[in-house]
Each structure stands twice: as C-alpha cells, then as structure tokens.
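In what follows, a structure is listed as structure tokens, so that the remarks can point back to it.
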There are 2 protein chains.
Amino acid sequence: MLTVHAPDGVPEVTEGADLAGLLLAALGDHALRDGDVVAVTSKVVSKAEGRVSYGDRDAAVAAETARVVATRGGTRIVRTRLGLTMAAAGVDASNVEQGKVVVHPLDPDASARRLRVALHERTGANVGVVVTDTAGRAWRQGQTDIAIGAAGLAVLESYAGAVDGYGNELAVTEPAVADELASAAELAQGKLGARPFAVIRGRADLVLAPDDHGLGAVAMIRDDGTDLFGYGSREAVVRAVAAAPGDDVPFGSTASPQDLLDALRRAGIDARLEPDEGSLVCPADQKVAAAVLAFAHGWRVEPDEAPDRTDSGVDLRLRPATP
Amino acid sequence: MLTVHAPDGVPEVTEGADLAGLLLAALGDHALRDGDVVAVTSKVVSKAEGRVSYGDRDAAVAAETARVVATRGGTRIVRTRLGLTMAAAGVDASNVEQGKVVVHPLDPDASARRLRVALHERTGANVGVVVTDTAGRAWRQGQTDIAIGAAGLAVLESYAGAVDGYGNELAVTEPAVADELASAAELAQGKLGARPFAVIRGRADLVLAPDDHGLGAVAMIRDDGTDLFGYGSREAVVRAVAAAPGDDVPFGSTASPQDLLDALRRAGIDARLEPDEGSLVCPADQKVAAAVLAFAHGWRVEPDEAPDRTDSGVDLRLRPATP
C-alpha cells in the first residue's frame, strides 16, 4: 500500500521560514518514518529562500532563461538555467501576493538536501525529499507535477538486468519515479495553496542511506543538444535556415552519412556518398537546401562558409561538423 | 489521505479473460467503494482483448503508426493511430511470452468503459477507470505511466475561474490528473508484472456520475498540427525543406506576418511587409530559404509552386497557406 498524506494548516511561508519545522508541526501525530518521501512544492521553497520579486514578470523570466525553445502567441517555452524546459521559465504568479512573482530556488537539489538533513536531525528519520513544480508537456494537454529537486532518492528506478516473469530483459525500462512521486503528491495537495507538503509512504526501497543524497533531480534532465525535441518544430527550422558559421551544435548527435543522404534525396537533391572520403557530394545549384539539411544533421557544407543564399557552379562537399 | 493499493497474486491474463473478476478476486476483502479509481495496465487489457501477436515487431509498430515523429539510431518515436506519441508505437515485448508482442487496445477509452460498467454491475460501486501505459517524455530522462484510456473520470482538473488565497486567478492551471493517477498507480505496481491493477482512493471528487463516462483519455491528446513539438527538431527541418506543394499543414497555427518577417530577417533575408496585401515580399534570389521558412510558419511562396532549388530574378510574394 502506498499512502500520500498532505497535511492541512501550513501557515504562510515567508523568507527565512523553517520548512522542516513547518512540516513537522503540520504533521502533528503523523510522525515521519524511515523510508518516507517528503514532497514540498518549489513555491514554498522559493518563498523560504527569498526567491520572490516584485512586479516585473518578463525580467524574471529572462533571468531564469538559458535559451528559448518555442514561442507561440503569448506562450514562451524556455530551457531554464536549471535545464528544465518549462513555460515562462517556471516563473509563477499564483499562490503569492498579487504583484509578486516566484522564481525557482537557486539550486533545488541543494534545497532538498538541506530539508532532508534538517528532518533527519530533528526526527532521526531517514527520508527522501523531492522539490516539486507543475510543468506542461509536449503532446499532451494539461500539466503534471515533476521533481525539480531531490535528495536521498533514487530518482530513476533502474531495471537494467532485471527479467520479467517470462524471461524477457527489461532493457530500456527506467521509471522516472521522482516525477511519479511528485505527481502522486500533487493529487493529495491540489493547487489552492494550503498543502505545500506531502508525505509518501510505501516506497522505502527508493530512499538512499542517510549519508547518500544521490544524484538529485538534475540527473533527470536530458543534456542540451542531445534531446530530439530541444526546439519547437518551427523554431528548429528557423534555427537551421538562419544558422551562422560556427554554430555547430545541431539537433542531437551527428547523423550517419546514410541518414543525411536520405534527407537530401527526400528534398529532391541529387546527392551521392563518397565512402572513401566520409563525405557527401551534391550539385551546387542546391546549395541552400543542402546547407540547411546539413546543419540539421550535424554536418556542414565545405568550405566552411555561410550559406550565402546564392548558388554557384561547383559541386558541394558535405562533412560532419564535428569529425 | 490518498491511498494506492496494487493487489498481488493476479494470475496470467489471457484472451477473453474477465478483468473485473480478476480484480475483485485479487482485492479479496478490500472491497471497492464509490469514488475509487481503478488503474489497469494496457498490457493486460490488450491481452484480454487478444491484442497480442507473434513475432514481427516491426510490422506491429507499422500497423499502430499514424506518422513518424522522430527517429534516432534504433529509436523510432511515432504518433500512433490513437494519437499517442510514443517510442515504438507502444508495442511492447515485456511481460509477455518470449516471441510475442503486445499492441495497444483498439479503443482504450471503450475498454475503460467496459471495465467500469462491469465493476458497477457486480459491486454497485461507482468507480473511475484509467488504462495505463509507460511512456517516455521530451526533455526528461526515464518514463512515467500515463492514461491512454479513461472512463468516469475528470481527466483534466479544471481550475478555470478558481482563485487562490491571494486572489490570483488560476487561469491556465489544468492538472492532468488522469496521468498523475496512472503515475501513482505505477509506484505501487512496479514493472515486474504481477500487479496489473491498482485501486486509488481519496480523489472521489474526480469520479463522475455512473451514467457519465466523461471525455476519456482522448481528451488529453493535443491535436495533430497544433502541437509545438509535433516533430523532432531534425525531422521538422527535413519536412520543411522537402515540403511538397499542397502540403499545407505546418507546425501549429499560421504565424503572424510579423513572426515570419522576424524569421526571414534572422536568416538574412531582406523581406518587407505589404500591410494592405497581408503579404510579405522578398528578393527572388533568396527563394529557397524563404520557401522553407514560409512553410514552417504556415505560409507559402506565391504562385504556389514547389521551391525549385534554383533562384529566378523576380521578387517573391509570400501569403498564408490557409487564408
């Protein structure tokens, strides 16, 4: 049996607040036990850490943004300085005084570690901690809560080497249990603000030894440049067409010659593979389209010059941008 | 308090199995109550419905695929005939006899409705049902369980019009509670196959009246063509460069003239807006790049001809593809 208890009656959290004390007071007789996982919303962690600012939401979003992923109308989805891909960089104006905005904690994994240590010191209980926030997703409507910080928790459950009842290896199965714990917490907390904590009991197997804080939620973030969905579809096209010389970070790993050849031919470009050279050759009068496709595959037109939007008379040679 | 109980001891599920009977037998003394949510893995629903086939995994993936979203190495992420974006179209070879593959139920929302009705008839309890599967995500490592079918459940919790304790409207907050319920179930079930059911108690507010099966999990799927991440970044570029005449379904809604103008200028194309015409004009020697960017923004080069990879001498006019 898994249980999720989100205590009521937590008072307003202000800068400098003692989160461990607030949780323990709200839990009352529900003492923490070894193996519990404590979820806390990033909102109150930010408030306790003073990560609240007056007024300028756009400036707060800009400060939290590493790069823009996609925009459409008023929606701006960005990759944040923490590596999270979220609308408005996770900057939030709900459950805070009107006219103020809350930004993410400076280091949510460190916030989780501090709360874990404080709870251990005061109760002796060895718990895991997740710091949660609400995030939209590609492909699906609505939002789920995810873990943006974690301590003392196996954030990804590994089944590497595990075998099911039929003898099949569970090779690629790696449940993102920290995110599932955050979602389970949200179901008990709701969104109206009075229940920023939840205690999840029943997955003690995920909680690490007291002196092992684990990899943290940062381990759940795909590296920039390796994600297949690192840019919105439209933004990816703009980036490829506008690519400057030297902008050699493509959309994931460098494609094989065959993959690029397939893409060129799909676009009607009569390319051929030069196996000895590890390069592709195509007609110069298709230079612009070839350069755009090359960029998208981690290749470039040689010599290394910008696609100049005009076509010259010699054949083009394409090579991987990072040999 | 939210509780999630995943009973042990469910026997192997085979074609024609009575899922309601199997669940009730496994629950034993844990009787279902009004307002419970029953989660069941799509794996056993498929097995009970005979959606298991021998051998040819690639053929099964092809049959479930509506279109390819992104590929990289051996990974093929597709949009399935159900509208789900999943690796290998959700075709799975785990927790099934070696040499067999399991595909999604034909209509998971209908499967959920049937189970809901059967449980109501036998127990009198009004429950919600989610049919779950394990899915990867953009941007984040690992997988979470999501709802691919649902009955009698508010799959998206609406806070439209709700106001937090500070008087802020929660305008865009819409928790995907059916997915969160699926994730909570997974935490109790694990992946090794003996616990295909879970009963979640504590969110009776999400369960609809017995004669109202709700919108189903299909309501959680973003419409194709409106999703900002409908194609992998690389695949979006290939699609835009290779676009055929008449392929007028772009990446989301038609962009504003200003958005396209910004993209053209970012690519070094000296375009200008003709406000009276609702069109953009740019030099013909930049035709290929302009056509690619126009496609990505839901516009096209006029007259409606394929980008021919060569550039002619007259100015180009760009117009929205769907006026």
Side-chain angles (χ1 to χ4, degrees), chain A residues 1-5 70 72 85 94-95 97-98 138-144 156 159 164-168 170 173-176 179-180 183-184 186-188 191-193 203 220 222 228-234 236-238 240-242 251 263 266-267 285-286 288-289 292-293 296 309-310, chain B residues 1-5 70 72 85 94-95 97-98 138-144 156 159 164-168 170 173-176 179-180 183-184 186-188 191 193 203 220 222 228-234 236-238 240-242 251-252 263 266-267 285-286 288-289 292-293 296 309-310:
Chain A
M1 179 81 79
L2 188 84
T3 66
V4 189
H5 173 50
R72 200 63 50 91
T85 301
S94 69
N95 287 304
E97 287 172 53
Q98 293 191 355
W139 315 321
R140 295 178 71 70
Q141 303 283 1
Q143 305 94 35
T144 59
L156 295 161
Y159 282 90
D164 69 20
Y166 301 88
N168 301 296
L170 298 179
T173 306
E174 196 178 40
D179 286 342
E180 294 188 325
S183 288
E186 199 281 323
L187 286 171
K191 291 278 186 253
L192 295 176
R203 285 304 302 266
M220 307 179 75
R222 290 188 199 271
L228 305 192
F229 301 92
Y231 292 83
S233 295
R234 182 172 295 168
V237 176
V238 174
V241 175
F251 309 122
R266 195 171 146 199
D285 65 356
Q286 297 170 320
V288 175
V292 171
L293 289 172
R309 319 287 169 222
T310 63
Chain B
M1 180 81 81
L2 188 84
T3 66
V4 189
H5 173 50
R72 201 64 52 90
T85 300
S94 69
N95 287 304
E97 287 172 52
Q98 292 189 359
W139 315 321
R140 295 178 72 70
Q141 304 281 1
Q143 304 94 35
T144 59
L156 295 161
Y159 283 89
D164 70 19
Y166 301 89
N168 302 296
L170 299 179
T173 307
E174 195 178 41
D179 286 342
E180 294 187 325
S183 288
E186 199 281 324
L187 286 170
K191 291 277 184 252
R203 286 302 304 265
M220 307 179 74
R222 290 189 198 271
L228 305 191
F229 301 92
Y231 292 83
S233 296
R234 182 173 295 170
V237 176
V238 174
V241 175
F251 308 121
R266 194 171 145 199
D285 65 357
Q286 297 170 322
V288 175
V292 171
L293 290 173
R309 320 286 168 222
T310 63

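A note on names: the letters A, B, ... follow the listed sequences, proteins ahead of strands, and every chain is numbered from 1.
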**Prompt:** Can you tell which of P175(A), A188(A), G230(A) has the highest number of heavy-atom pairs within less than 4.5 Å of chain B?
**Reply:** P175(A)
**Message:** Using side-chain heavy atoms (C-beta onward) and a distance below 4.5 Å, is L228(B) in contact with R234(A)?
**Reply:** no
**Prompt:** Do N168(B) and N95(A) touch side chain to side chain, with heavy atoms closer than 4.5 Å?
**Reply:** no
**Prompt:** Which residue out of E97(B), Q141(B), R72(B) racks up the most heavy-atom pairs below 4.5 Å with chain A?
**Reply:** Q141(B)
**Message:** Let's test your reading of the structure: which of M1(A), K191(A), H5(A), R140(A) forms the most heavy-atom pairs below 4.5 Å with chain B?
**Reply:** R140(A)
**Message:** Quick check: do E186(A) and T144(A) have side-chain heavy atoms less than 4.5 Å from each other?
**Reply:** no
**Item:** Shortest non-hydrogen separation from A176(A) to L156(A) and the atoms involved
**Value:** CA-CD2, 3.8 Å
**Request:** Taking all non-hydrogen atoms of both residues into account, name the closest pair between S233(B) and A236(A) and its distance.
**Result:** O-CB, 3.5 Å
**Message:** With chain B as the partner, which of S94(A), A70(A), S183(A) has the greatest number of non-hydrogen pairs under 4.5 Å?
**Reply:** S183(A)
**Asked** Given that the side chain runs from C-beta out, which part of R266(A) has a heavy atom under 4.5 Å from chain B: side chain, backbone, both or neither?
**Response** both
